2 protein chains.
Amino acid sequence: MGKSKFNAIYNDLSEKIHDQLIKAGALLPTENELSEQYHASRETIRKALAMLSRNGYIQKVQGKGSIVLDVTRQNFPISGLTSFRELANHSKDKWKTKVHQLVLLKSDEHLRMLMNLTADQAVWKVIRSRSVNNEAVILDKDYLIQSIVPMLTADNCERSLYDYIEHELGLRIGFAKKEITVEHATAEDQRYLTLNRDTQVVVVRSLVYLENAELFQYTESRHRADKFRFVDFARREHQ
Amino acid sequence: MGKSKFNAIYNDLSEKIHDQLIKAGALLPTENELSEQYHASRETIRKALAMLSRNGYIQKVQGKGSIVLDVTRQNFPISGLTSFRELANHSKDKWKTKVHQLVLLKSDEHLRMLMNLTADQAVWKVIRSRSVNNEAVILDKDYLIQSIVPMLTADNCERSLYDYIEHELGLRIGFAKKEITVEHATAEDQRYLTLNRDTQVVVVRSLVYLENAELFQYTESRHRADKFRFVDFARREHQ
DNA sequence: AAGTGGTCTAGACCACTCA
DNA sequence: GAGTGGTCTAGACCACTTT
């Protein structure tokens, strides 16, 4: 990834749309024109355009062309798998991460069920809170399989767990299954989060898998309700 | 859509995975084998597989093959754009829709901003509640541009708005931008929803566009927090 | 009728995994 | 080294929009 021609074309076009060098409402050059401009075959152009379409940059209309969409207001997650660190880097506020617990669990019945573990598999448990303006608004509880992540330090966790996993360990994350619900705040939430009169928190549970489809992490991200926001772009899949 | 070869192959394979005729953890036949089986070129097979991958059915691993994922627990929305009716049809509980209001708004400053309307564009406003077991747990507030949806009756709204729009009017929905937040229940929420001691509701705001990129609907879907659940499958896009 | 995107093909070469 | 998926190509034909 990243080195392919269609990916480069995608990056170039998505940047131009982001920077409004190509304005919303306008049409992209035709596929044949792009084919000439980028010295690529039409199918390669079409791969780049399909990616732009999936990510909400353009809308393709048969017989007409590719309409550029207004992408300026999709300023947050844009769905997908984004680590907290990447998110925080894009916001103006100063975020701070604090590690509250880092232990190696030898056995836990509930986790074993949830993550489909064998009896002898140990799991790293990490509890961290994320603060803005001295208010702890997110509580992250991560569980990582030790056979995949052998060692973990508080320092790794305080910086970015994903950075460590992807760059230091060289693991490649493939996909995640997520679930968002709203639940009563627990004693633990009360302890680590700056809950004012809140009795509810937003809970995002994720099962995270590597590129070889191996499960390696379960995460519970607990958000103070007033600070939670999830943005999504969805296409209708017609039958 | 729906008539293309790759789409037929996608439907066939996704069904087989859903029905567990192909088991999770197993490998799909190789692309060349599928190419023979379906009498299609490899690129056509690859389009079907890319779609399976995007929707969480398989994980492709270079040099190995396509691993079938466990899809049995992603039984709910699976993200994407799904109407309430389609959702309700898939659940066991008996849902009931009640129309509380259906009016044509001539002008509304807030909506005009939000939907980028001209001064003379009228908008249908529909308020509906959705109930299970005699408890109203979702309040839907829809706003539809009248120049696109000329007429609307309480009957249309009580059945399925999307059915009416797509099948009766022949409009094709393209995509939507959604935002999920948690907010204080309003007087209106109190009035139409069966809120017990709840003071918070989950609000899903959507801007819905047609296939030609024309905005035609704004929706606020307000859920009782304990009945809200959002499931998502997300792939990591590596740079 | 001309131009647009949508689909499909056969073939080539590369990158990766596994024996 | 054989077999897998990943990328790219040139060309064909179809479906749709516009003039």
Side-chain angles (χ1 to χ4, degrees), chain A residues 1-13 26-54 57-69 170-172 174-175 210-214 235-239, chain B residues 1-13 26-54 57-69 170-172 174-175 210-214 235-239:
Chain A
M1 265 274 209
K3 297 185 295 193
S4 58
K5 203 166 178 178
F6 78 83
N7 218 303
I9 297 170
Y10 167 81
N11 286 331
D12 192 56
L13 287 173
L27 289 176
L28 235 48
T30 68
E31 296 182 347
N32 284 318
E33 283 168 355
L34 290 170
S35 185
E36 284 187 14
Q37 286 177 29
Y38 287 103
H39 305 289
S41 76
R42 199 177 140 223
E43 280 287 14
T44 299
I45 295 295
R46 283 179 59 74
K47 273 185 196 167
L49 296 191
M51 210 166 160
L52 288 171
S53 170
R54 273 204 303 285
Y57 286 100
I58 63 171
Q59 174 70 11
K60 311 195 78 183
V61 182
Q62 190 169 15
K64 271 177 112 170
S66 296
I67 304 170
V68 176
L69 300 181
L171 298 172
R172 291 177 70 82
F175 59 93
L210 298 176
E211 276 199 337
N212 62 1
E214 208 180 350
R235 287 204 165 275
R236 179 118 173 117
E237 303 235 344
H238 290 101
Q239 289 294 347
Chain B
M1 264 274 208
K3 297 184 294 192
S4 58
K5 205 165 177 178
F6 78 85
N7 219 302
I9 298 170
Y10 167 81
N11 286 332
D12 193 56
L13 288 174
L27 288 176
L28 236 46
T30 70
E31 296 182 349
N32 285 318
E33 284 168 354
L34 290 172
S35 184
E36 283 186 17
Q37 286 178 29
Y38 287 102
H39 306 288
S41 75
R42 199 177 142 223
E43 280 288 13
T44 298
I45 295 295
R46 282 178 60 72
K47 273 186 197 167
L49 295 190
M51 210 165 159
L52 288 171
S53 171
R54 273 204 303 284
Y57 286 100
I58 62 171
Q59 173 71 11
K60 309 195 77 180
V61 182
Q62 191 170 12
K64 272 178 115 168
S66 297
I67 305 169
V68 177
L69 302 181
L171 298 172
R172 289 178 72 82
F175 59 93
L210 297 176
E211 275 198 338
N212 62 1
E214 207 180 352
R235 289 206 163 272
R236 180 119 172 115
E237 304 236 343
H238 290 100
Q239 288 295 343

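Order of the sequence lines sets the chain letters (A, B, ...), proteins ahead of strands, with each chain counted from 1. Here the structure is a predicted model, which means the values were calculated and not measured.
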Could you run through nucleotides 11-19 of chain C and give me one letter per nucleotide, 5' to 3': B if any protein heavy atom sits under 4.0 Å from the base, S if only the sugar-phosphate is that close, - if neither? -B--BBSS-
Is a side-chain N or O of B:K5 found less than 3.5 angstrom from the main chain of B:H39, in a donor-acceptor match? yes
How long is the line joining CG of A:N7 and P of D:dT7, in whole Å? 8 Å
Could you tell me if the side chain of A:M51 sits less than 4.5 Å from the side chain of A:N7, heavy atoms only? yes
Per atom distances to the A:F6 side chain, the nearest of D:dC8, D:dT4, C:dT7 is D:dC8
For the residue pair A:I58 and A:I67, establish whether any side-chain heavy-atom pair is separated by less than 4.5 Å. no
Tell me which nucleotide among D:dC8, D:dG6, C:dT7 gets nearest to the side chain of B:K47. C:dT7
Rounded to whole angstroms, how far apart are CD1 on B:I9 and P on C:dT7? 13 Å
According to a strict under-4.0 Å criterion, is A:R46 in side-chain N/O contact with OP1 or OP2 of C:dG6? yes
Choose from C:dC8, C:dG6, D:dT7 the nucleotide whose nearest atom is closest to any side-chain atom of B:S41. C:dC8
In whole Å, I'd like the distance from the NE2 atom of B:H39 to the P atom of C:dT9. 11 Å
Report yes if the side chains of A:R46 and A:K60 come closer than 4.5 Å at any heavy-atom pair, otherwise no. yes
Take atom CG of B:N212 and atom P of C:dG5, then tell me their distance rounded to the nearest Å. 16 Å
Rounded to the nearest angstrom, tell me the gap between atom CD1 in B:I45 and atom C1' in C:dA10. 14 Å
Measuring to OP1 and OP2 of D:dT4, would you say a side-chain N or O of B:K60 lies under 4.0 angstrom away? no
Rounded to whole Å, the CD-C1' distance (A:E31 to D:dA10) equals 15 Å
Looking only at non-hydrogen atoms, find the nearest pair between A:T44 and A:F6 and report the distance. O-CB, 3.6 Å
Quick one: closest heavy-atom pair of A:S35 and A:S41, and the distance? OG-C, 3.6 Å
Closest to side chain of B:T44, choosing from D:dT4, C:dT9, D:dT9: C:dT9
Whole angstrom is fine here: how far is it from OH in A:Y38 over to C1' in D:dC8? 17 Å
Between P of C:dG6 and CG of A:L34, the distance in whole Å: 13 Å
N/O donor-acceptor pair under 3.5 Å between B:R236 side chain and A:R172 backbone: no
